[in-house]
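A short write-up of the structure that comes next.
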Amino acid sequence: MKLQGSVRRLTIFVGETDRWRHKPLYTEIVHRAHRAGLAGATVLRGIEGYGASSRVHTTRILDLAEDLPVVIVIVDTAEKIAGFLPQLDELIAEGLVVMDDVEVVRYVGRGTAEGTAEGTAPPGE
């Protein structure tokens, strides 16, 4: 897949303990994004944060470490991101979803002609 130039970044903020049919919500979002053919998705676990409830969640205090913030970042064309939004309406009961326009500078996977120097294997192979 080639992704270059102006694209859209979809950022989803949820809690680590949020579930969709007994599995982590972030897992369901990533798998649906993959099935939808979106260019990529990454889940980042926060070490501290708060949201609409104003309750601070942190790894520093054992009592509050139970529902740490999780951020899912998905990048693709504006059209593909727009097509994916209805799935988020179904999945997210609490959280924050934001979009912004970004510029792709480089998007290269392992084993692609652009990702491998001539005569060498990609790292890890």
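Both backbone and side-chain heavy atoms feed into the values below; hydrogens, waters and symmetry mates do not.
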Linked, directly or transitively: V7 and V97 (ILVMFWY side chains, under 4.5 Å): no

For the atom pair CD1 (I92) and CD1 (I12), what is the distance rounded to the nearest 0.5 Å? 5.0 Å

Are L88 and V43 linked, directly or through other ILVMFWY residues, by side chains that come within less than 4.5 angstrom of each other? yes

Exercise: identify the closest heavy-atom pair between E28 and R32: OE2-NE, 2.7 Å

Going hydrophobic residue to hydrophobic residue with side-chain gaps under 4.5 angstrom, can you get from V14 over to L85? yes

Using the rule that Ile, Leu, Val, Met, Phe, Trp and Tyr join whenever any side-chain heavy atoms are under 4.5 Å apart, tell me whether V71 and L96 fall into a single cluster. yes

Apply side chain to side chain contact (heavy atoms under 4.5 Å, CB included) to residues F13 and V98 and explain how you reach the verdict. CA-CA 9 Å; F13 298 83; V98 298; 4.1 Å; yes

Answer yes if W20 and V30 sit in the same cluster of Ile, Leu, Val, Met, Phe, Trp and Tyr residues linked by side chain heavy atoms under 4.5 Å apart, and no otherwise. yes

Quiz: residues 72-84 side-chain donor-acceptor pairs under 3.5 angstrom, not counting sequence neighbours:
residue : atom : partner : partner atom : Å
D76     : OD2  : A39     : N            : 2.6
T77     : OG1  : K80     : N            : 3.2
K80     : NZ   : G37     : O            : 2.8

How many angstroms lie between atom CD1 of I29 and atom CG of L38, to the nearest 0.5 angstrom? 12.0 Å

A side-chain contact here means heavy atoms from C-beta on lying under 4.5 Å apart; do P24 and R19 qualify? yes

Does atom CD of E90 have more than 12 heavy-atom neighbours, drawn from other residues, nucleotides or ligands, at distances under 6.0 Å? yes

Using the side chain to side chain contact (heavy atoms under 4.5 Å, CB included) rule, take D101 and R8 through it: C-alpha gap first, then chi angles, then the decisive distance, then the call. CA-CA 5 Å; D101 294 324; R8 186 144 300 155; 2.9 Å; yes

Could you pull out the closest heavy-atom pair between L3 and V104, with the gap in Å? O-CG1, 3.4 Å

Measuring from atom CZ of R21 to atom CG of L91, what distance do you get when rounded to the nearest 0.5 angstrom? 9.0 Å

